[in-house]
**Student:** 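Got a structure here, written out as structure tokens. Questions coming.
The figures here come from the full heavy-atom set of this structure, side chains too, leaving out hydrogens, waters and symmetry mates.
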Amino acid sequence: MRGLVWEELHSLVHNSHFCRPPSAFISGSNSTPPAQEWIQNVHAGSFSGQGSHIKANSKYVVYNTEHAGGTMLGLSTVKAGADGLWNVTQIPCHSDLVTDMDFSPFDESLLATCSGDEMVKLWHLCDPEVEQSTEPDLTISPGQGRLELVLFHPTSSGVLAVCTAKSPLIWDTSRTDAPLAVLEQHSDQLQSLSWKQDGSLLASTCKDKMLRVFDPRAQLMAVQSAKGLQNNKDSRVLWAKEDVLLTTGFDMTRNREVRLWDSRKLNSSLSSVSLGTSSGTLIPLLDEDTGLLVLSGMGDTVVDCFEVSASEPFLSQVSHCLTDSSTRGLATVPKFGLDFMSCEVMRVLQLTDSNIVPISYQVPRKNSGNEFHADLFPDTKGTTAAMTAEEWWQGGNKQVEKVSLHPDKQPKAKTPPANQFSVKKVLPSQESKEDPARGCSTSSSPLSTPTGSADTSRSPSSTSGLSSGFLPSPSPSQSAKAIQSMLGPTSKFRHIQGVVMHKDTHITNIRNLNLTTPGECDGFCANSERVAVPLSVSGGQIAVFERSEPGRLPDTAVPTVENSVNVADLCWDPFNTHRLAVAGEDAKIRLWQIPEGGLKETLTEPELILQGHTEKIYSIKFHPLASDLMVSSSYDLTVRLWNLATGEQVKVLSGHQDQVFAMAWSPDGKLLASVCKDGKVRIYDPRKSTTPVQEGPGPEGHRGARVVWVCDGALLLVSGFDSRSVRVLYLYSADALSTGVVASTDMDIAPSTSIPFYDPDTSVVILTGKGDTRVHIYEILPEEPFFIECSSFSSPEPHKGFTFVPKTECNIRDVEVAVGLMLTKTTIEPVGFRVPRVKKEFFQDDLYPDTAACWEASLTASMWLSGSNGQHKRISLKPSDMTPVSEAPKEAPVRKYLPSSVYLEEKTDEQKKEELLSAMVAKLGNMDDPLPQESFEGVDDDEWDD
């Protein structure tokens with residue numbers, strides 16, 4: 001064991017001209033145990049990032065590992081097992097590099113992780129020797145690119161600070177739809193975050209050399225900022241004592257330095273210490289109870305210790321420890337994990353390439369090991385949160401109650417609040433139980449809490465469990481009703497799964513894809529037979545691929561539709577799979593006829609050209625019931641109807657005051673809805689009036705929007721943005737637009753408009769934006785809670801567009817309810833959305849009502865214009881050889897266990913003896929049976945002579 005005594009520094013501090021009394025830690029020593037007491041075989045990864053690469057609490061330690069390219073975390077325990085060894089395991093966490101992690105200060109098994117896959121996940125850890133859950137308890141997708149840092153709030157449960165490349169986000173984990181606050185965007189890479197100990201302020205450092213202090217509840221802009229860093233190399237920030245900030249970084253000569261700042265006046269630092277030239281990022285760790293500061297640089301073989309004071313000298317070095325291996329990361333063990341009776345005041349865990357080395361800081365005292373020294377161990381923060389997230393956000397400033405570290409006075413461990421993050425409901429009869437065999441808590445079938453959109457400010461405690469008590473056993477029907485009332489409405493589609501189909505169905509090697517189509521355009525379009533994709537080639541060229549001919553495209557140029565001008569929007573005729581309508585930036589609409597068998601040569605002559613708009617066209621839509629009828633919107637602020645049979649403009653609708661974001665026909669084809677940048681949602685009856693028949697307030701944000709009719713035309717669903725640039729879904733009554741929003745729900749934060757696909761058979765809406773990686777899925781109800789969020793689908797990389805094909809393309813035997821086509825940079829990949837079912841051999845008639853034959857027109861354009869209406873005929877999707885699940889034979893229930901009466905029945909002593917004797921005899925076998933050797937064959941006498 002190697003130790004370094006600090007006594008040589010004793011005289012330095014005692015003889016100082018400052019009058020501060022000598023420190024209680026000046027005579028302390030730090031030591032590292034022998035190699036056999038290290039946590040070994042950790043295979044640490046050497047990944048770049050803003051995190052510290054290792055975190056510990058009083059029970060567990062997690063760290064970045066090189067396994068699976070950094071997408072996994074290593075897990076071990078702070079204390080060795082009964083055999084004196086440490087178990088080490090790996091947790092598969094993300095689909096990209098894990099950039100940071102943090103333990104909850106109020107639940108030792110709760111871990112938050114963030115990653116380059118743009119997600120934050122919360123996990124409940126088990127002991128390393130048992131299998132870890134591969135499903136997180138909670139997933140947050142801010143949708144703002146790679147995430148760098150994650151940090152729990154120090155006083156309230158369920159509050160997280162999450163750092164993107166340039167912006168800190170404050171999240172309430174009970175409300176995963178949108179953050180509480182999106183703080184001021186930094187001008188360069190954000191490098192570190194730190195909460196003040198009382199939880200009121202948040203500090204950050206950035207590559208732009210700025211030191212900022214935020215009060216997230218007061219304003220989104222920094223309340224204090226200054227150019228406090230001299231170099232843009234990696235820096236770190238910590239709150240020291242009271243209003244003092246501590247930063248580590250580099251000066252102008254690239255020397256590493258530590259500076260102390262008064263957070264109320266950042267124009268100059270209070271003190272600084274230079275630590276020599278080195279390229280590794282300096283990692284600071286502070287014990288706020290003792291003021292001990294530990295510093296070590298990435299790649300260093302030195303760990304320094306200082307004492308931080310609120311008065312001069314602000315920094316006093318008390319130790320300089322050499323280590324055996326280079327530092328990959330550094331973490332401290334919380335106070336509750338220390339050996340108080342041995343006067344261990346701090347323990348640092350050094351992550352190296354292959355080991356985790358504990359460095360213990362002890363102060364030699366008489367009676368060490370037998371006596372608790374209160375001067376070394378002041379009361380410290382407990383493990384019970386002072387507030388909920390809602391209480392903190394509403395202005396609460398309660399502090400975590402301090403507890404004594406004296407072994408005889410430590411409170412018993414408390415169960416963490418069930419609503420620390422309100423994503424699960426636990427029924428009174430299904431409360432979380434400790435499984436001693438697994439060392440982790442399990443709960444029976446937790447379900448996602450349905451979110452009513454109108455309740456946008458619900459408290460995190462709104463889903464807490466009922467208080468326990470003895471109640472009469474309810475009947476099964478009463479139980480079901482009680483469960484239903486507690487969980488709220490549930491969706492048959494809540495576990496829907498998006499599955500990318502086999503590569504044999506992909507179209508690959510697409511070249512020169514146009515990635516700059518207007519926001520009003522879906523990016524590409526498809527029908528049951530072919531796909532049209534705009535290319536970034538001069539002349540507004542469009543590639544048309546036959547869906548029946550998947551595979552790799554040739555490296556040479558493919559035949560295209562040459563539209564002459566850049567494409568503004570495009571769509572297929574729903575009643576003619578060969579007709580493609582293309583709106584150009586020259587205010588013209590061109591109709592193209594794709595030959596049977598697909599393009600064999602470039603098309604240069606359109607079938608029809610529609611002219612009438614005076615400026616660039618926004619979007620075009622075919623009528624859902626009438627053939628040869630189309631509507632278009634333009635920068636000239638008009639919406640025009642076209643009869644394609646005659647090639648004439650038949651209606652000009654007015655009333656828009658700004659850009660028309662989107663249009664949608666009602667299911668019966670009578671009405672046309674629009675959403676506009678002027679903040680209005682409008683409904684037109686084109687055959688009766690050229691002005692809106694209804695008008696109401698639209699989304700607050702002006703970045704883009706889409707509209708679709710839902711619930712048999714009773715409601716309008718608008719996907720847009722609010723004033724905070726959060727993507728939101730709004731529901732309007734189609735009969736009363738002027739009354740405003742009926743319900744709304746926040747989705748996430750992302751720059752692109754969510755494009756909705758609505759399936760009227762299931763009332764499921766599937767949404768995603770160009771450049772997103774996540775596809776959101778909701779079931780829409782005509783009454784509260786209106787929105788039921790279902791499982792989402794995530795793609796490994798941002799997609800450039802998403803469109804859907806008719807319902808007849810679904811594989812009914814796999815319980816597919818929708819089939820989409822996902823456009824990436826070079827491929828088109830089919831994605832099936834499937835509902836897990838047990839009896840897949842039966843036709844799931846509850847999921848597949850008769851569907852509209854939307855590929856067949858019910859009337860012509862002239863008939864519709866003259867006042868006629870129509871409706872699609874409906875067909876069954878049931879294969880002829882499948883039986884509806886509603887007609888499946890009922891299976892007799894199988895009793896898995898004997899009734900309780902069997903176990904509770906009182907038996908006499910004679911019965912017990914008889915059962916025991918019978919069991920013993922059964923093991924011994926029948927005494928009358930021949931012995932095994934009796935069946936062996938003997939040897940003839942003449943064989944012995946051989």
**Student:** Does either side chain, that of D573 or that of H578, offer a donor lying less than 3.5 Å from an acceptor on the other one?
**Tutor:**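 Judged by distance alone, the side chains do not pair up.
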
**Student:** Picking from T851, T762, D759, what satisfies side chain to side chain donor-acceptor pair (under 3.5 Å) with K807?
**Tutor:**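 Output: one option passes, namely D759.
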
**Student:** Please determine if R706 and D522 form a salt bridge, counting it only when a charged side-chain N lies under 4.0 Å from a carboxylate O.
**Tutor:** yes

**Student:** Side chains of Q649 and R640: do they bring a donor and an acceptor to under 3.5 Å?
**Tutor:** yes

**Student:** Taking NZ, NE, NH1 and NH2 as the nitrogens, is one of them in D658 or K677 under 4.0 Å from a carboxylate oxygen of the other?
**Tutor:** no

**Student:** Is there a donor in the side chain of S167 and an acceptor in the side chain of T164, or the other way round, less than 3.5 Å apart?
**Tutor:**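 Their side chains do not contain a donor-acceptor pair, so the 3.5 Å distance test is not met.
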
**Student:** Can you list the residues that meet the ring pair (Phe, Tyr, Trp, His ring centres under 6.0 Å) rule with W592, with sequence neighbours excluded?
**Tutor:**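 Expected list: none.
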
**Student:** Take R547 and E809 through the salt bridge (charged side-chain N to carboxylate O under 4.0 Å, His left out) test and state the conclusion after the steps.
**Tutor:** CA-CA 11 Å; R547 293 191 58 219; E809 298 296 303; 3.4 Å; yes

**Student:** Does a side chain donor of either S674 or H656 reach within less than 3.5 Å of an acceptor in the other side chain?
**Tutor:** yes

**Student:** Which atom pairs, donor and acceptor, lie under 3.5 Å between side-chain atoms of residues 530-537 and protein residues at least two apart or in another chain?
**Tutor:**
| unit_1 | atom_1 | unit_2 | atom_2 | d |
| --- | --- | --- | --- | --- |
| R530 | NE | E546 | OE2 | 2.9 |
| R530 | NH1 | T577 | O | 2.8 |
| R530 | NH2 | E546 | OE1 | 3.0 |
| S536 | OG | N512 | O | 3.1 |

**Student:** Could you list the residues that satisfy salt bridge (Lys or Arg N to Asp or Glu O under 4.0 Å) with K770, not counting sequence neighbours?
**Tutor:**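 Result, salt bridge (Lys or Arg N to Asp or Glu O under 4.0 Å) vs K770: none returned.
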
**Student:** With a 4.0 Å cut-off on N to O distance, would you call R724 and D746 a salt bridge?
**Tutor:**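 Result for this pair is yes, salt bridge flagged.
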
**Student:** Establish, from distance only, whether the side-chain atoms of D668 and N869 form a donor-acceptor pair under 3.5 Å.
**Tutor:**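 There is no such pair (donor and acceptor under 3.5 Å, judged by atom type) between the side chains of D668 and N869.
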
**Student:** List the steps, then state whether side chain to side chain donor-acceptor pair (under 3.5 Å) holds for S752 with D772.
**Tutor:** CA-CA 8 Å; S752 59; D772 287 3; 3.3 Å; yes

**Student:** R579 vs D628, test: salt bridge (charged side-chain N to carboxylate O under 4.0 Å, His left out). Steps then yes/no.
**Tutor:** CA-CA 11 Å; R579 180 192 265 179; D628 295 323; 2.9 Å; yes

**Student:** For P760, does its backbone N or O pair with a side-chain atom of S763 as donor and acceptor, under 3.5 Å?
**Tutor:** no

**Student:** Does a salt bridge link R834 with E816, judged by any charged N lying under 4.0 Å from a carboxylate O?
**Tutor:**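 Between E816 and R834 there is a salt bridge, with a charged N closer than 4.0 Å to a carboxylate O.
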
**Student:** Between S754 and H776, is any side-chain donor less than 3.5 angstrom from a side-chain acceptor?
**Tutor:** no

**Student:** State whether a side-chain donor-acceptor pair under 3.5 Å links R774 with S794.
**Tutor:** no

**Student:** Can you see whether S141 engages D748 through a side-chain donor-acceptor pair at a distance of less than 3.5 angstrom?
**Tutor:** no

**Student:** Test your reading of the model: is there a side-chain donor-acceptor pair from S115 to the backbone of L97, 3.5 Å cut-off?
**Tutor:**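 Yes, because the side chain of S115 sits within donor-acceptor range (under 3.5 Å) of the backbone of L97.
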
**Student:** Taking only residues two or more places apart in sequence or in another chain, which ones pass ring pair (Phe, Tyr, Trp, His ring centres under 6.0 Å) with F524?
**Tutor:**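 So F524 forms no ring pair (Phe, Tyr, Trp, His ring centres under 6.0 Å) with any residue.
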
**Student:** Can you check whether L644 reaches L610 side chain to side chain, under 4.5 Å on heavy atoms?
**Tutor:** yes

**Student:** With sequence neighbours excluded, what pairs up with H799 under the ring pair (Phe, Tyr, Trp, His ring centres under 6.0 Å) test?
**Tutor:**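 For H799 the ring pair (Phe, Tyr, Trp, His ring centres under 6.0 Å) partners, ignoring immediate neighbours, are F802.
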
**Student:** Just by modelled atom types, is the E797 backbone N or O under 3.5 Å from a matching donor or acceptor in the S795 side chain?
**Tutor:** yes

**Student:** Hey, could you give me each pair passing ring pair (Phe, Tyr, Trp, His ring centres under 6.0 Å) that has a residue in residues 622-647? Not counting sequence neighbours.
**Tutor:** Y618-Y635, H623-W665, H623-W864

**Student:** Between the side chains of S719 and Y730, does any donor sit under 3.5 Å from an acceptor?
**Tutor:**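 Distance-only check fails for S719 and Y730.
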
**Student:** Centroid separation under 6.0 Å, is that true for the rings of F661 and H702?
**Tutor:** no

**Student:** Taking everything shown except K616 itself, do over 12 heavy atoms lie less than 6.0 Å from its NZ?
**Tutor:**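 Yes - once you tally the heavy atoms of other residues, nucleotides and ligands closer than 6.0 Å, there are more than 12.
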
**Student:** Within the 4.5 Å heavy-atom criterion, are F545 and L553 side-chain neighbours or not?
**Tutor:**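 Side-chain contact under 4.5 Å: yes.
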
**Student:** Salt bridge check: are R146 and E118 linked by an N-O gap of less than 4.0 Å?
**Tutor:** no

